[in-house]
Enquirer: 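The structure follows.
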Amino acid sequence: MIVYHGSYLEIPSPDLNHSRKNVDFGCGFYTTPIYEQAAKWCGKFARAGKNGIISRYDFDEKAYDELNVLKFESYSEEWLDFILNCRRGCDKTDYNIVIGGVANHKVFNTVELYFDKLIDKEEALKRLRYEKPNLQICFRTQSAIEMYLHFEGSERV
């Protein structure tokens, strides 16, 4: 499967030393099979006066059978709890790869309202039910990156 990463530079050899903590699925290298989504990720760099660059990778799907993978099929209570644990820095799981919906601005607003205890979990899930998830694939271990993600090139957007 081809996956993409949107940034302001080409990333031929992703490494977790440059990953942010306390994001959706924790520290990791984030990709998506949706080209348009990677292009949107580049948008924040364009607004900062930098070029957007989409790096392209071949993801060896044998990883699904060979690694510890968590996949969320939809926005759910489990997805919401996982996101909150990761954003709080409380995730203690040992998944190599986590796959699921992106917290875009509308989803993020709902998550933040729940995180700040302004709405309860039931209301958050009710709101999320109507959002169509995009898809992100987070590589959370260096070995998963090195064994299953192969750089193919990049382009400026």
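Keep in mind the model is a prediction, meaning the values are calculated, not measured. The figures that follow rest on heavy atoms only: side chains count, while hydrogens, waters and symmetry mates do not.
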Enquirer: Are the side chain of D116 and the backbone of L118 linked by a donor-acceptor contact shorter than 3.5 Å?
Expert: no
Enquirer: Could you report the tightest heavy-atom contact between C138 and G26, atom names first, then the distance?
Expert: SG-O, 4.2 Å
Enquirer: Run T93 and F82 through side-chain contact (heavy atoms from CB on, under 4.5 Å) and show every step you take.
Expert: CA-CA 10 Å; T93 62; F82 192 82; 3.8 Å; yes
Enquirer: Is Y4 linked to I11 within one hydrophobic cluster, defined over Ile, Leu, Val, Met, Phe, Trp and Tyr using a side-chain heavy-atom separation of less than 4.5 Å?
Expert: no
Enquirer: To the closest 0.5 Å, what do you measure between CG (N134) and CH2 (W41)?
Expert: 8.5 Å
Enquirer: Does a side-chain N-to-carboxylate-O contact under 4.0 Å join R140 and D91?
Expert: yes
Enquirer: When rounded to the nearest 0.5 angstrom, what is the spacing between CG in N68 and CG in D94?
Expert: 5.0 Å
Enquirer: Where is the tightest heavy-atom contact between L67 and A144, given as atom of each residue plus distance?
Expert: CD1-CB, 3.8 Å
Enquirer: Flag the pair V98 / F72 as yes when at least one side-chain heavy-atom distance between them is below 4.5 Å, and no otherwise.
Expert: yes
Enquirer: Any chance the rings of F139 and Y148 have centres within less than 6.0 Å?
Expert: no
Enquirer: How long is the span from the CG atom in L135 to the CD1 atom in I34, to the nearest 0.5 Å?
Expert: 5.5 Å
Enquirer: Are R87 and E112 close enough for a salt bridge, meaning some N to O gap below 4.0 Å?
Expert: yes
Enquirer: Quick check on side-chain contact (heavy atoms from CB on, under 4.5 Å): which of I54, N51, I53 does C42 satisfy it with?
Expert: I54
Enquirer: Which value, rounded to the nearest 0.5 Å, describes the distance between S55 atom OG and H5 atom NE2?
Expert: 6.5 Å
Enquirer: Could you go through the side-chain contact (heavy atoms from CB on, under 4.5 Å) check for I2 and D58 one step at a time?
Expert: CA-CA 5 Å; I2 299 299; D58 180 41; 4.3 Å; yes
Enquirer: Looking at side-chain heavy atoms only, is the closest gap between I99 and F25 below 4.5 Å?
Expert: no
Enquirer: How long is the span from the NE2 atom in H150 to the CD1 atom in I145, to the nearest 0.5 Å?
Expert: 12.0 Å
Enquirer: Does K50 make a cation-pi contact with F45 (under 6.0 Å, within 45 degrees of the axis)?
Expert: no
Enquirer: Is F59 reachable from Y35 through a run of I, L, V, M, F, W or Y residues, each pair having side-chain heavy atoms under 4.5 Å apart?
Expert: no
Enquirer: Heavy-atom count check: over 12 atoms from other residues, nucleotides or ligands less than 6.0 Å from E61 CD?
Expert: yes
Enquirer: Test side-chain contact (heavy atoms from CB on, under 4.5 Å) on L84 and Y114; report intermediate values, then the result.
Expert: CA-CA 9 Å; L84 292 176; Y114 174 66; 2.8 Å; yes
Enquirer: Could you check whether any side-chain heavy atom of N22 comes within less than 4.5 Å of a side-chain heavy atom of C86, counting everything from C-beta outward?
Expert: no
Enquirer: Please name the pair of heavy atoms, one in Y75 and one in L128, separated by the smallest distance, quoted to 0.1 Å.
Expert: CD1-O, 3.7 Å
Enquirer: Is it true that F29 and L9 fall in one hydrophobic cluster, defined by side-chain heavy atoms closer than 4.5 Å?
Expert: yes
Enquirer: Count the heavy atoms belonging to other residues, nucleotides or ligands that lie under 6.0 Å from NZ of K121, then report whether that count exceeds 12.
Expert: yes
Enquirer: Does one side chain, of Q136 or D24, offer a donor that lies under 3.5 Å from an acceptor on the other?
Expert: yes
Enquirer: Please find the pair of heavy atoms, one from I137 and one from P33, that lie closest to each other, and give the distance.
Expert: CD1-CD, 4.1 Å
Enquirer: How many angstroms lie between CD in E78 and CD in E73, if you round to the nearest 0.5 Å?
Expert: 12.0 Å
Enquirer: Between E123 and R127, is the closest basic N to carboxylate O distance under 4.0 Å?
Expert: yes
Enquirer: Side chains of I119 and T110: closer than 4.5 Å at any heavy-atom pair?
Expert: yes
Enquirer: Using side-chain contact (heavy atoms from CB on, under 4.5 Å) as the criterion, point out the one residue from Y57, Y30, F151 that pairs with P14.
Expert: Y57
Enquirer: Testing the basics here: between L80 and A124, what is the closest heavy-atom pair and its distance to 0.1 Å?
Expert: CD2-CB, 4.0 Å
Enquirer: Please indicate whether R88 has more than 12 foreign heavy atoms, meaning atoms of other residues, nucleotides or ligands, lying under 6.0 Å from its CZ.
Expert: yes
